[in-house]
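One structure below.
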Amino acid sequence: MKIDLPPESRIFVAGHAGLVGSAVVRRLERAGFSNIQTATRHQLDLRDQSEVNHWFKANRPEYVFLVAGTVGGILANSTRSAEFIYDNLMIHGTVVDASHRYQVRKLLYLGSSCIYPRQATQPITEDQLLTGPLEPTNEWYAIAKIAGIKLCQAYRRQYGCDFVSAMPTNLYGPGDNFDLTSGHVLPALMRKFHDARESGATAVEIWGTGSPMREFLHVDDLADACLFLMERYSHDSHINVGTGVDLSIRELAEKVRDLVYPNAELAFDSSKPDGTPRKVLDVTRLKDLGWQPSIGLDDGLASTYEWFVDQHRQAGHLRGVELATSS
Ligand code: GFB
């Protein structure tokens, strides 16, 4: 059954400054919502239950998009295990509990496709959760994300809260993290090919063997799915969000190369981890509800690269202004 969120609803986007949160805010603004609530890290530490309770009491959100978290690519996940498990566990716990305590009407929690077993049958259906061992490079993050799903289920079962969970595949788009050590593969490759073109380097390093398969969803499509699910999905079980289509890291690198620096050579560094061999989502459930993505990978890559170049130029320009004023 579809619920219509009144345009003046108080809607809290927890994590509004991140890749996903900023896309959710854009989507809500486009839909005409006038009361979107956000809080910066300095205003509110989402890991602190008493701060979160205080904030909820003062702001009384009616709908919550729980898209905050400590996130990163394969290297960050495997080297910052404590931050990935602690921050995420705490953020999920505080926001879910405060949402119950202050009678939020509905909460949508966002997990990740890394919750599924490393050897899951492909494409991965929702019912494969907790049927086998996790991928070791991101098990800390995955455990926290699984706990988030279980929190929503537990509050739904014990207190009757309308809390639902969605599991997105690998995401990308404007607002992504282009840092080479903490970011995910797609922005990292864009940045590497871009820097190589600028410096005239011939080869670009690609981590791993290039054979792992990944599925990529543009973050604006994800934000659209989040609003769709907030209005139409109310179920105990989580739901997958993706395209259902994947490609190898080699194929992705070739696409980025062709877009950014066609003369570059790919240099695979197999001393770096591959991670999960494959994790393409079965999106039948979402498709049956009537949602599908609208941004193809080639178009998404081109617009994301444009965004990156623009940001880079602005940052360079700002640095230039700073240098000029300080000299
Ligand atoms: O995107 P990514 O860091 O994370 O890496 P995961 C995907 C694949 O790209 C891996 C390869 O096989 C990497 O070895 N890769 C190649 C690179 N070159 C690079 C590079 O320059 N940078 C990066 N980062 N990778 C994440 C999890 O796993 O998936 C998170 O770490 C989250 O927990 C996310 O769940 C959805 O796809 O392997």
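Given the structure is predicted, the values throughout are model-derived calculations rather than measurements.
Under the 4.5 Å side-chain criterion, counting only non-hydrogen atoms from C-beta, Ser113 is not in contact with Ile124. Arg157 places a side-chain heavy atom less than 4.5 Å from the side chain of Asp236. A heavy-atom distance below 4.5 Å is not found between the side chains of Val245 and Leu297. Counting heavy atoms from C-beta outward, Ile239 and Leu289 have side chains that approach closer than 4.5 Å. A 4.5 Å side-chain heavy-atom check between Cys161 and Leu107 finds every atom pair outside the cut-off. Inter-residue side-chain proximity for Ile91 and Leu66 is flagged as met; some heavy-atom pair is nearer than 4.5 Å. Inter-residue side-chain proximity for Glu231 and Tyr63 is flagged as unmet; no heavy-atom pair is nearer than 4.5 Å. A heavy-atom distance below 4.5 Å is not found between the side chains of Trp207 and Val185.
The only member of Leu44, Asp45, Val52, Leu89 that meets side-chain contact (heavy atoms from CB on, under 4.5 Å) when paired with Thr94 is Val52. Applying side chain to side chain donor-acceptor pair (under 3.5 Å) to Asp246 and the options Gln122, Arg214, Arg278 leaves one that passes, Arg278.
Remark: the backbone N or O of Asn77 is not paired with any side-chain donor or acceptor of Asn138 at under 3.5 angstrom. Between the Asn240 side chain and the Asp282 main chain, a donor and an acceptor come within less than 3.5 Å of each other. A distance-only check finds no donor-acceptor pair linking the side chain of Glu135 to the backbone of Cys114 [under 3.5 Å].
No path of Ile, Leu, Val, Met, Phe, Trp and Tyr side chains, each step under 4.5 Å between heavy atoms, connects Phe163 with Phe65, placing them in separate hydrophobic clusters. Under the 4.5 Å side-chain heavy-atom criterion for ILVMFWY residues, no single connected hydrophobic cluster contains both Phe84 and Ile143. In the hydrophobic clustering of this structure, Val260 groups with Ile249; members are Ile, Leu, Val, Met, Phe, Trp, Tyr whose side-chain heavy atoms approach within less than 4.5 Å, directly or through other members. Note on Met167 and Leu286: separate hydrophobic clusters, where clusters join Ile, Leu, Val, Met, Phe, Trp and Tyr whose side-chain heavy atoms are under 4.5 Å apart, directly or indirectly. Following chains of ILVMFWY side-chain contacts shorter than 4.5 Å, one can reach Met230 starting from Val67, so the two form part of one hydrophobic cluster.
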query = How far apart are the C-alpha atoms of Arg10 and Asn59, what are their side-chain angles, what is the distance that settles it, and do they pass the side-chain contact (heavy atoms from CB on, under 4.5 Å) test?
reply = CA-CA 8 Å; Arg10 292 184 299 278; Asn59 294 282; over 6 Å; no
task = Given side-chain contact (heavy atoms from CB on, under 4.5 Å), test Thr304 with Phe178 step by step and report yes or no.
result = CA-CA 11 Å; Thr304 303; Phe178 287 81; 4.2 Å; yes
CA sep, side-chain torsions, deciding dist, call: Val280, Thr169, side-chain contact (heavy atoms from CB on, under 4.5 Å) = CA-CA 8 Å; Val280 66; Thr169 187; over 6 Å; no
task = Report the C-alpha separation of Tyr86 and Arg47 in whole Å, then their side-chain angles, then the decisive distance to 0.1 Å, and conclude whether the side-chain contact (heavy atoms from CB on, under 4.5 Å) test is met.
result = CA-CA 9 Å; Tyr86 177 80; Arg47 296 168 304 178; 4.3 Å; yes
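One distance of note links CG of Asp310 with OH of Tyr305; it measures 11.5 Å at 0.5 Å rounding. Taking CD of Gln49 as the reference point, atom CZ of Phe56 lies at 9.5 Å (rounded to 0.5 Å). Once rounded to the nearest 0.5 Å, the distance linking OG of Ser165 with CG of Leu108 reads 7.5 Å. How far NE2 of His194 is from CG of Leu259: 11.5 Å, rounded to the nearest 0.5 Å. Annotation: the span from Leu189 atom CG to Glu205 atom CD amounts to 10.5 Å, rounded to 0.5 Å. Taking CZ from Arg232 and CG from Asp4, the interatomic distance works out to 8.5 Å, rounded to the nearest 0.5 Å.
When all heavy atoms of Val164 and Tyr233 are compared, the closest pair comes out as CG1-O, 3.5 Å. Heavy atoms only, all atoms of each residue included: Ser112 and Lys145 are closest at N-CD, 4.1 Å. The minimum heavy-atom distance between Ser78 and Ile74, with the atom names listed, is OG-O, 2.7 Å. Shortest non-hydrogen contact noted between Phe216 and Thr243 is O-CG2, 3.6 Å. In this structure, Phe228 and Gly290 approach most closely via the heavy-atom pair CZ-C, 4.0 Å. Pairing each heavy atom of Gly275 with each of Arg118, the nearest pair is O-NH1, 3.3 Å.
The environment of Lys272 atom NZ is dense: over 12 non-hydrogen atoms of other residues, nucleotides or ligands sit within 6.0 angstrom. For Trp291, the CH2 atom is densely surrounded, since the number of other residues' heavy atoms within 6.0 Å is greater than 12.
Ring geometry for Phe308 against His312 counts as tilted: the plane angle lies between 30° and 60°, on a 0 to 90° scale. The aromatic rings of His100 and Tyr159 lie parallel to each other, their planes meeting at an angle below 30°, with 60° marking the opposite boundary.
In this view, Ser199 satisfies the side-chain hydrogen bond (donor to acceptor under 3.5 Å, both in side chains) rule with no residue, not counting sequence neighbours.
Note on residues 49-65: pairs passing salt bridge (charged side-chain N to carboxylate O under 4.0 Å, His left out), not counting sequence neighbours, are Glu62-Arg105.
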Side-chain donor-acceptor distances from residues 11-26 under 3.5 Å, at least two apart:
{"from": "Ser22", "atom 1": "OG", "to": "Gly18", "atom 2": "O", "distance (Å)": "2.6"}
{"from": "Ser22", "atom 1": "OG", "to": "Leu19", "atom 2": "O", "distance (Å)": "3.3"}
{"from": "Arg26", "atom 1": "NH2", "to": "Asp220", "atom 2": "OD1", "distance (Å)": "2.8"}

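Residues Tyr109 and His92 place their aromatic rings such that the two centres sit under 6.0 Å apart.
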